Amino acid sequence: MTESLLSVRNLRVEFPTRRGTLVAVDDLSFDIAPGEVLGVVGESGAGKSLTGMAIIGLLEPPGRIAAGEIRLEGERIDNLSPEAMRRIRGKRIGAIFQDPLTSLNPLFTIGEQLVETILVHLDLNEAQARDRAVELLAEVGIPAPEIRIDNYPHHFSGGMRQRVVIALALCARPRLIVADEPTTALDVSIQAQIIELLRKLARENGAAVMLITHDMGVIAETADRVAVMYAGRLAEIGPVKDVIHAPQHPYTSGLMRSIPKLGEGRETLAQIDGAMPRLNAIPPGCAFNPRCLKRFDRCMHDRPSPMPAGATEAACWLYAR
Amino acid sequence: MPAETLLELVDVGREFDVSRPWLNRVLEGEPRRSLQAVDGVSFSIRRGETLALVGESGCGKSTVARLIVGLYTLSRGRILFDGADLADPGSAPLRRRMQMIFQDPYASLNPRWRVRDIVAEPIVAHGLAPDAKALAARVAELLTQVGLAPEDGERFPHEFSGGQRQRVSIARALSSNPEFLVCDEPTSALDVSVQAQILNLMKDLQQRLGLTYLFISHNLAVVAHVATRVGVMYLGRLVEVADAKTLFERPRHPYTRMLIDAIPDLEMSGKSRTPVAGEVPSPLTPPPGCAFNPRCPHANERCRTERPVPLELPGGRIAACHAVQEGRIGDL
């Protein structure tokens with residue numbers, strides 16, 4: 001594998017509460033190479049968004065990184081001061097969030113917001129910054145950017161606003177883009193346009209993209225590799241086509257079979273009985289063991305780490321040799 | 001018997017008044033403005049089938065659901081249930097035979113009520129249980145039916161996960177012995193593995209209790225899985241109706257084709273998709289002629305001026321499209 005751009009090692013995110021400490025992300029490790037799109041999937045509460053927040057340094061207190069390290073181009077960023085982290089955010093890491101309306105300030109034109117961001121991060125004068133802003137808007141596919149730049153966010157539709165948010169995240173040509181559910185609030189026809197755009201940006205700029213979503217279809221179309229999370233832990237990670245077509249972890253294969261697909265028979269869907277455990281009730285051993293049909297003794301008390309399984313890596317004792 | 005029509009919508013329309021406040025209108029000389037959320041929609045649902053309505057946000061599919069159960073009044077048109085007009089004064093008893101399941105299982109259950117009271121409410125309201133003992137037995141039966149335990153009735157909604165809450169909503173909907181359920185995005189707020197549980201439960205209940213469903217969803221893969229027939233809506237109008245298999249295998253209306261094309265492909269067959277140009281226009285100012293014409297690759301002069309009417313095509317499907325009706329777009 002090429003030199004990784006983002007490297008996460010043994011990350012642990014905790015929330016101290018009155019009734020004990022909740023571990024929301026537990027011993028998570030992965031890498032993303034330049035130009036690569038890593039999809040992170042999981043059900044609500046699996047810890048995928050918190051992982052993204054930890055990387056961009058925006059964990060809401062009392063949440064905190066309790067262990068592990070995060071490296072961006074070899075440099076540790078998990079222990080930086082908020083001030084130092086703020087300089088990295090925007091310049092070297094761009095963030096795109098789910099709701100394009102709340103990510104923009106309704107009182108300023110999108111041009112003002114773009115120019116402000118560009119001036120903070122790049123060594124340009126105001127006129128140059130405005131030219132750059134028009135260029136960015138054109139790049140993300142907004143028609144007539146030299147006119148639209150003076151519009152307010154409410155003049156844009158949902159899909160167009162998400163394009164503006166992406167342009168904002170791209171201002172300083174960041175090396176890493178963290179996109180948390182970027183298409184979830186959008187209709188399916190617009191979603192396809194945004195997916196296409198993200199893929200193009202990763203390819204052309206050599207940026208690493210961490211794409212967090214619950215939608216396997218979006219991952220299949222966009223990502224190169226995919227990490228599947230369950231109860232704060234990594235269940236499986238591998239090339240996207242292997243994880244989708246030959247999942248090794250029992251959770252991943254259950255998840256894949258429970259997704260309705262076009263053009264298949266009309267029999268009942270495969271279902272995983274039960275639900276993901278709450279953070280205060282994660283069972284000992286493998287977190288998936290109460291729902292797993294293939295569990296055996298060792299799963300009940302020993303916690304598995306990701307290990308080679310087929311073409312992927314799965315945290316499952318079935319693959320222990 | 002199976003082909004019998006249970007529900008029929010005839011040229012149903014609903015307008016919403018979106019005018020600015022009276023003072024602004026007087027001072028700025030603005031006229032009243034109205035939004036045509038549902039515009040001339042006609043379809044029928046046969047007993048025992050699942051008709052799904054699909055479309056993007058703002059296409060009016062949820063408004064249709066609310067019109068049917070009476071949460072909105074009609075601006076025009078008629079809705080017939082089992083042959084009787086739901087607007088007739090004597091139609092109240094018909095309402096007991098239909099129920100609704102909502103999208104958000106967090107907002108649609110009263111957090112201060114125990115689950116047994118939530119499920120019992122329709123039974124009490126319609127006077128369907130002779131005494132308290134029969135009521136308790138019926139609630140226990142309903143909870144078991146949807147895969148919960150009778151003891152769960154003692155708990156409050158917040159003690160349940162999203163999927164379990166949706167089971168409670170289904171139990172409540174079934175409590176008055178309805179024949180017809182309107183399901184408005186029943187699984188959109190759920191995770192996929194839980195969605196599969198709920199979809200399987202709904203299918204199972206349909207077979208056991210002979211239910212008829214109107215299923216509203218924006219997720220085409222879910223619709224393909226549950227529906228017998230599918231109606232596609234765009235900007236308040238019904239553009240195509242066909243049985244599910246035909247619609248997904250051989251869509252006729254250009255909008256339906258576009259929608260199906262836009263679904264992210266899990267199979268990664270590398271199909272080249274035609275990127276969809278443009279977005280849904282504002283429903284306040286729908287384009288003249290066919291509402292889809294600004295985005296349609298087949299639009300011509302007639303499409304830009306004359307509004308297409310839904311016509312039946314061979315094979316029992318219906319499409320509102322000049323290009324299809326003139327034979328400019330062939331079958332796939």
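All values below come from the heavy atoms of this structure, side chains included, with hydrogens, waters and symmetry mates left out. Just so we're clear, the structure is a prediction, and the values are computed from it rather than from any experiment. Quick note on labels: first sequence line is chain A, next is B, and so on, each numbered from 1.
- Residues H158(B) and R278(A) approach most closely at O-NH2, 4.1 Å, considering heavy atoms.
- Of the listed residues (G42(A), S258(A), A270(A), P143(A)), the greatest number of heavy-atom pairs within a distance under 4.5 Å of chain B belongs to S258(A).
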message: Determine whether L269(A) and H225(B) satisfy the following criterion, side chain to side chain contact (heavy atoms under 4.5 Å, CB included), listing intermediate values before the conclusion.
response: CA-CA 9 Å; L269(A) 291 166; H225(B) 183 74; 3.3 Å; yes
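- Counting heavy atoms of neighbouring residues, nucleotides and ligands inside a 6.0 Å radius, atom CG of L293(A) does not exceed 12 of them.
- Residues passing the salt bridge (Lys or Arg N to Asp or Glu O under 4.0 Å) test with E49(B), sequence neighbours excluded: R46(B), R229(B).
- Heavy-atom pairs under 4.5 Å with chain B peak, among G274(A), G254(A), G141(A), at G274(A).
- In this structure, the portions of M160(A) lying under 4.5 Å from any heavy atom of chain B include both its backbone and its side chain.
- Partners of S161(B) according to the side-chain hydrogen bond (donor to acceptor under 3.5 Å, both in side chains) rule, which considers only residues two or more places apart in sequence or in another chain, are Q164(B).
- For the residue pair S193(B)/Q271(A), the side-chain donor-acceptor check at 3.5 Å is not satisfied.
- With a 6.0 Å radius and a threshold of 12 heavy atoms from other residues, nucleotides or ligands, R208(B) has its CZ atom above the threshold.
- Formation of a donor-acceptor pair under 3.5 Å by the D191(B) side chain with backbone atoms of E43(A) is not found in this model.
- Between Q197(B) atom CD and D273(A) atom CG the span is 6.0 Å, to the nearest 0.5 Å.
- Note that CG of N219(B) is 10.5 Å distant from CD1 of I259(A), once rounded to the nearest 0.5 Å.
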